[in-house]
Amino acid sequence: MEKIVIASDHGGFELKEDLKLFLIEMGYEPIDFGTENSNSVDYPDFGAKVAEAVAKNEISKGILICGTGIGMSIVVNKFPGVRGALCNDVYSARMSREHNNSNVLILGGRVVGKGLAREMVKIWITTKFEGGRHQKRLDKIKELEGRIKKGEI
Ligand code: RB5
């Protein structure tokens with residue numbers, strides 16, 4: 001059973017709980033990195049846990065939810081090798097896999113409803129990266145990450 005890591009802050013807690021059930025229904029194993037209730041927490045703490053697991057290749061895909069998805073998006077895209085896609089529609093969720101090979105799907109728990117979120121998760125998980133000309137672009141991102149690491153940028 002493929003493992004998918006999932007986490008949220010309080011703004012995404014309710015949606016996270018629903019998506020965990022949906023992942024199980026679809027035959028995946030959700031690994032929950034918190035938060036555990038609706039008490040106020042800081043999204044960078046939870047975004048970093050998922051981003052680190054993906055950056056270290058401990059897991060290939062993650063899902064993150066905060067109120068808007070913006071905070072989580074800012075956090076995860078600082079991690080080398082992590083391609084976080086903040087999506088509010090099914091088309092973007094699909095394209096983020098086909099063109100960007102996104103490995104973290106980010107949702108806004110106060111922006112999208114459960115039905116739309118489930119549709120996005122389903123399409124995101126099942127869509128394959130197209131490679132080809134898109135790989136060249138990802139290689140350029142990797143190059144940028146290398147320059148940042150070296151302190152050139
Ligand atoms: C928490 O109130 C909220 O700021 C957070 O969930 C998220 O939307 C940040 O980007």
Side-chain angles (χ1 to χ4, degrees), residues 2-26 28-127 129 134 137-138 140-142 144-149 151 153:
E2 190 184 337
K3 291 181 170 66
I4 307 278
V5 72
I6 186 165
S8 74
D9 72 353
H10 52 291
F13 173 70
E14 206 184 308
L15 184 55
K16 170 171 71 71
E17 294 306 297
D18 182 69
L19 290 178
K20 274 161 54 185
L21 299 177
F22 185 56
L23 286 169
I24 293 166
E25 269 174 39
M26 286 198 305
Y28 294 88
E29 186 187 341
I31 309 292
D32 189 351
F33 280 1
T35 186
E36 279 151 26
N37 52 48
S38 319
N39 297 342
S40 183
V41 289
D42 300 327
Y43 62 81
D45 298 338
F46 297 89
K49 283 187 198 180
V50 168
E52 194 176 332
V54 173
K56 287 180 172 168
N57 285 315
E58 289 166 3
I59 199 136
S60 62
K61 283 197 185 82
I63 297 173
L64 277 168
I65 314 148
C66 62
T68 58
I70 295 169
M72 291 295 195
S73 179
I74 292 169
V75 170
V76 302
N77 284 309
K78 296 203 179 297
F79 285 70
V82 176
R83 294 175 297 279
L86 169 55
C87 297
N88 292 311
D89 63 275
V90 175
Y91 176 75
S92 301
R94 179 161 65 83
M95 296 309 279
S96 84
R97 290 286 310 129
E98 286 184 359
H99 286 194
N100 313 110
N101 200 12
S102 65
N103 47 19
V104 178
L105 174 67
I106 304 153
L107 304 170
R110 295 172 182 156
V111 180
V112 297
K114 285 179 187 161
L116 175 56
R118 282 181 169 220
E119 282 302 308
M120 286 193 281
V121 165
K122 187 173 164 189
I123 201 87
W124 183 76
I125 277 188
T126 52
T127 302
F129 177 49
H134 303 296
R137 294 160 187 165
L138 296 191
K140 290 192 174 188
I141 294 174
K142 207 171 178 181
L144 287 171
E145 287 174 348
R147 290 184 58 202
I148 291 166
K149 200 174 171 191
I153 300 174

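Values below: all heavy atoms of this structure, side chains included; hydrogens, waters and symmetry mates excluded. Note that ligands are numbered from 1 as they come in the structure, with each ligand's atoms numbered from 1 the same way.
- Thr68 N, 2.9 Å is the protein heavy atom nearest to atom 8 (O) of ligand 1.
- From Ser92, atom OG reaches atom CD1 of Ile123 across 12.0 Å, with rounding to the nearest 0.5 Å.
- The shortest contact between atom 3 (C) of ligand 1 and any protein heavy atom is with Arg110 NH1, 3.9 Å.
- Ranking the protein heavy atoms by distance from atom 1 (C) of ligand 1 puts His10 NE2, 3.5 Å first.
- Atoms of ligand 1 found under 4.0 Å from any heavy atom of Cys66, numbered from 1 in the order shown, are 6 (O), 7 (C), 8 (O), 9 (C), 10 (O).
- Geometrically, ligand 1 and Gly71 share a nitrogen or oxygen pair separated by less than 3.5 Å.
- Annotation: side chain of Ser73 is in contact with side chain of Ile106 (closest heavy-atom distance under 4.5 Å).
- Residue-ligand proximity, Tyr43 to ligand 1, at heavy-atom distances under 4.0 Å covers atoms 9 (C).
- For Asp9, every heavy-atom contact with ligand 1 shorter than 4.0 Å involves the side chain, none the backbone.
- Looking at Lys142 and Glu145, no side-chain N of the basic residue comes within less than 4.0 Å of a carboxylate O on the acidic one, giving no salt bridge.
- Val50 places none of its side-chain heavy atoms less than 4.5 Å from the side chain of Val76.
- When side chains are defined from C-beta on, Val104 counts as touching Val54, because their heavy atoms get closer than 4.5 Å.
- For atom 10 (O) of ligand 1, a protein heavy-atom neighbour is found at a distance under 4.0 Å.
- A 4.5 Å side-chain heavy-atom check between Phe46 and Met72 finds at least one atom pair inside the cut-off.
- Those atoms of ligand 1 with a heavy atom of Gly67 less than 4.0 angstrom away are 5 (C), 6 (O), 7 (C), 8 (O).
- Taking 4.0 Å as the cut-off between side-chain N and carboxylate O, Glu29 and Lys20 do not count as a salt-bridged pair.
- With a heavy-atom cut-off of 4.0 Å, Met72 does not touch ligand 1 at all.
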